[in-house]
Amino acid sequence: MSDLSSLTAAQLVAGYTTGDFSPVEVTRAVIEQAEKVQPYVNAFVGIYGDEALDQARESADRWRRGEPRGPLEGVPATVKDILLERGRPTLRGSWSSSADGPWEEDAPSVARMREAGAVFIGRTTTPEFGWKGVTDSPRHGVTRNPYDTSRTAGGSSGGGSAAVALGAGPLTLGTDAGGSVRIPAAFCGIFALKPTYGRVPIYPASAFGTLAHVGPMTRDARDAALLMDVISQPDARDWSQLAPPAGSFRETVKEGVRGLRVAYSPDFGGRVEVDPAVAAGVRRSVEKLQELGAVVEETDPGFDDPLEAFHSLWFAGAARVTQFFTEEQREALDPGLREVAEDGAARSALDYLGAVDVRMALGKRMGVFHETYDLLVTPTTPGTAFGAGLEVPEGSGYRRWTEWTPFTYPFNLTQQPAASVPCGVDADGLPAGVQLVAARHRDDLVLRASHALYEAGAAEIPAPALRGAPS
């Protein structure tokens, strides 16, 4: 990637401020990079070069006048093709979605980024309706890993993770209802935060209900803090949003980890088999936190796997998404989505409410746990990226994606903030991620600890090599 396309959002804003380069130069470099890598990884539904350059020229004029709109002025960004973006179709990876307009609304997070001066260069791929932890769809095909194009980028925000990793914009918006920003961040070697539910307003409401979060995917935690300051602002269309944060994430991210109480759970009390390379990377991250002054104890939150409860809620959402589809539309669905939607439709209201009971009990357990510990640290995923176009790892015996993501979906049930930070690579050069979790409303602690790992060099991994031929 070019020098300009490799810079973080914070570095770009600093360069615009000093006049070292302009939004037009940067946007042109990022678009060139996006077009270069697209044949290899299929990260984009659409790249909008001409429109982005028009936005960049307007941004450059504002910088020349000394009137930047906001903290993202001139920064190239991308948006997952689940979130509404004014003037561009939202297709959600599905043949059931029509590209016909008008597309007149931005999602709240997109609106706040636009007001802050971001330059939107493209929309990124998702599995159909974001239903699974890898990224392939009937409409847009398979999204591949920047480190090895024979492997998956993860999902469901896989296009955004591949784009950020490869220099096709330093900021992207993803969605996460079971791990969908954290899984691809771990597989692609970038940072992602699933904020506390309600911290980032959502509109329209997700069919997956209060499992669904919108969050930043970035090159480092400092950029995520910058983006969180923007997208955490209120929007009247979301009645479930939290009050605006009292301070700035950009300021609190600098406060370090000295004195923080960290619970380190390497395998959920022996319940999860973790790849040795992933386990070693997570342990190194924990040791670094300890070196930086955190008080670390190896312990476990001690809950049973809430998979069946998650399935009741998740599959019900899939059933709701497809409830009014014609038979022809159902036939065109991803077969896996069709299966889980049928499963969800067959479950009763009592099944759903039973899952809510499990969720409430888990939330209570984690609330009490965090009275003792500021942070919980686990692997993000038990392994690294597997074959592209598959829902589960080859030979695993698993049927559904949730079976290989035991560390992520519990914290959608509890609505806690959780981030994935790179923690090394395996013998094949594939990234691994460490997950940091805090109590609800303590997004600042997750960002502080993540930033501390970046500042200490613990999150540095080799740049992606794009091994493999174009698709």
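Numbering of residues begins at 1 and proceeds along the displayed sequence.
Residues that satisfy the ring pair (Phe, Tyr, Trp, His ring centres under 6.0 Å) test with F21, not counting sequence neighbours, are Y16. The ring pair (Phe, Tyr, Trp, His ring centres under 6.0 Å) search around W404 returns F187, F386, not counting sequence neighbours. Checked against ring pair (Phe, Tyr, Trp, His ring centres under 6.0 Å), F129 has no partners two or more places apart in sequence or in another chain. Taking T126 as the reference, nothing meets the side-chain hydrogen bond (donor to acceptor under 3.5 Å, both in side chains) condition, with sequence neighbours excluded. Residues passing the side-chain hydrogen bond (donor to acceptor under 3.5 Å, both in side chains) test with S240 are Y197, D238, sequence neighbours excluded.
Electrostatic pairing of R144 and D148 does not count as a salt bridge here, judged by no charged N lying under 4.0 Å from a carboxylate O. At a threshold of 4.0 Å, the pair R139-E128 does not count as salt-bridged, since none of the basic side-chain nitrogens sits closer than that to a carboxylate oxygen. Note on E115 versus R112: salt bridge recorded, some NZ/NE/NH1/NH2 to OD/OE distance being below 4.0 Å. Looking at E85 and R88, a side-chain N of the basic residue comes within less than 4.0 Å of a carboxylate O on the acidic one, giving a salt bridge. The pair D81-R92 does not count as a salt bridge, with every side-chain nitrogen at least 4.0 angstrom from each carboxylate oxygen. Salt-bridge formation is not detected for the pair E251/R448: no Lys NZ or Arg NE/NH1/NH2 atom is positioned less than 4.0 Å from an Asp or Glu carboxylate oxygen.
Minimum heavy-atom separation, D334 to G336: OD1-N, 2.9 Å. When all heavy atoms of N145 and T152 are compared, the pair lying nearest together is ND2-O, 2.9 Å. Nearest approach of P23 to W63, heavy atoms of both residues: CG-CD1, 3.7 Å. For the pair S109 and L173, the tightest heavy-atom approach, listed with the atom from each and the gap, is OG-CD1, 3.5 Å. Annotation for V181 and S157: closest pair CG1-OG, 3.8 Å, computed over non-hydrogen atoms. Looking at every heavy atom in both residues, P382 comes nearest to P406 through CG-CD, 3.8 Å.
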*Apply side chain to side chain contact (heavy atoms under 4.5 Å, CB included) to Y48 and I121, showing your working.*
CA-CA 5 Å; Y48 303 100; I121 70 156; over 6 Å; no
_Before you tell me yes or no, could you show the steps for E105 and R237 under salt bridge (charged side-chain N to carboxylate O under 4.0 Å, His left out), namely the whole-Å CA-CA distance, both residues' side-chain angles and the distance that decides it to 0.1 Å?_
CA-CA 11 Å; E105 285 190 292; R237 295 172 292 175; 3.2 Å; yes
*Checking side-chain hydrogen bond (donor to acceptor under 3.5 Å, both in side chains) for the pair T135/T143: CA distance, chi angles, key distance, verdict?*
CA-CA 6 Å; T135 300; T143 297; 5.3 Å; no
*For R123 and I47, what are the C-alpha separation, side-chain angles and deciding distance, and is it a side chain to side chain contact (heavy atoms under 4.5 Å, CB included)?*
CA-CA 7 Å; R123 293 181 64 76; I47 300 169; over 6 Å; no
*Begin from the C-alpha positions of V200 and H213 and carry the test side chain to side chain contact (heavy atoms under 4.5 Å, CB included) through to its verdict.*
CA-CA 7 Å; V200 178; H213 305 57; over 6 Å; no
*Begin with the C-alpha distance, continue with both residues' side-chain angles, and end with the deciding distance and a verdict on side chain to side chain contact (heavy atoms under 4.5 Å, CB included) for V134 and L390.*
CA-CA 8 Å; V134 293; L390 302 175; over 6 Å; no
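Within the 4.5 Å cutoff, side-chain heavy atoms of R330 are placed close to those of E327. Between Y409 and L211 the shortest side-chain heavy-atom distance does not fall below 4.5 Å. Using a 4.5 Å heavy-atom cutoff, the side chains of Q435 and F411 are in contact.
In the displayed structure, D357 atom CG is contacted under 6.0 Å by more than 12 heavy atoms of other residues, nucleotides or ligands. By the 6.0 Å contact criterion, CZ on R347 is enclosed, its count of non-hydrogen atoms from other residues, nucleotides or ligands being greater than 12.
No donor-acceptor contact under 3.5 angstrom links the side chains of T405 and R400, judged on distance only. The closest side-chain donor-acceptor pair between T380 and S420 falls under 3.5 angstrom. No side-chain donor-acceptor contact under 3.5 Å links K80 and T124. Looking at E328 and T326, their side chains never bring a donor and an acceptor atom within 3.5 Å of each other. Between the side chains of D351 and S348, at least one donor N or O sits under 3.5 Å from an acceptor N or O. H311 and T402 share a donor-acceptor pair across their side chains, judged by distance under 3.5 Å alone. A donor-acceptor pair shorter than 3.5 Å cannot be found between the side chains of N412 and R359.
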Going by atom type alone, with no hydrogens or angles, which donor-acceptor pairs under 3.5 Å involve a side-chain atom of residues 463-470 and a protein atom two or more places apart or on another chain?
residue : atom : partner : partner atom : Å
R467    : NH1  : Y147    : O            : 3.3
R467    : NH2  : Y147    : O            : 3.4
R467    : NH2  : D428    : O            : 2.8

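V75 pairs with exactly one of V13, L226, V26, V119 by the side-chain contact (heavy atoms from CB on, under 4.5 Å) rule, that one being V13.
Counting only distance, with no hydrogens or angles, the side chain of D223 and the backbone of A9 share a donor-acceptor pair below 3.5 Å. Side chain of R219 to main chain of L7: a donor-acceptor pair is present (N/O by atom type, distance under 3.5 Å, no hydrogens or angles).
Of the inter-residue distances, the one linking F120 atom CZ with R86 atom CZ reads 9.0 Å to the nearest 0.5 angstrom. Interatomic distance, S450 OG to R222 CZ, rounded to the nearest 0.5 Å: 14.5 Å.
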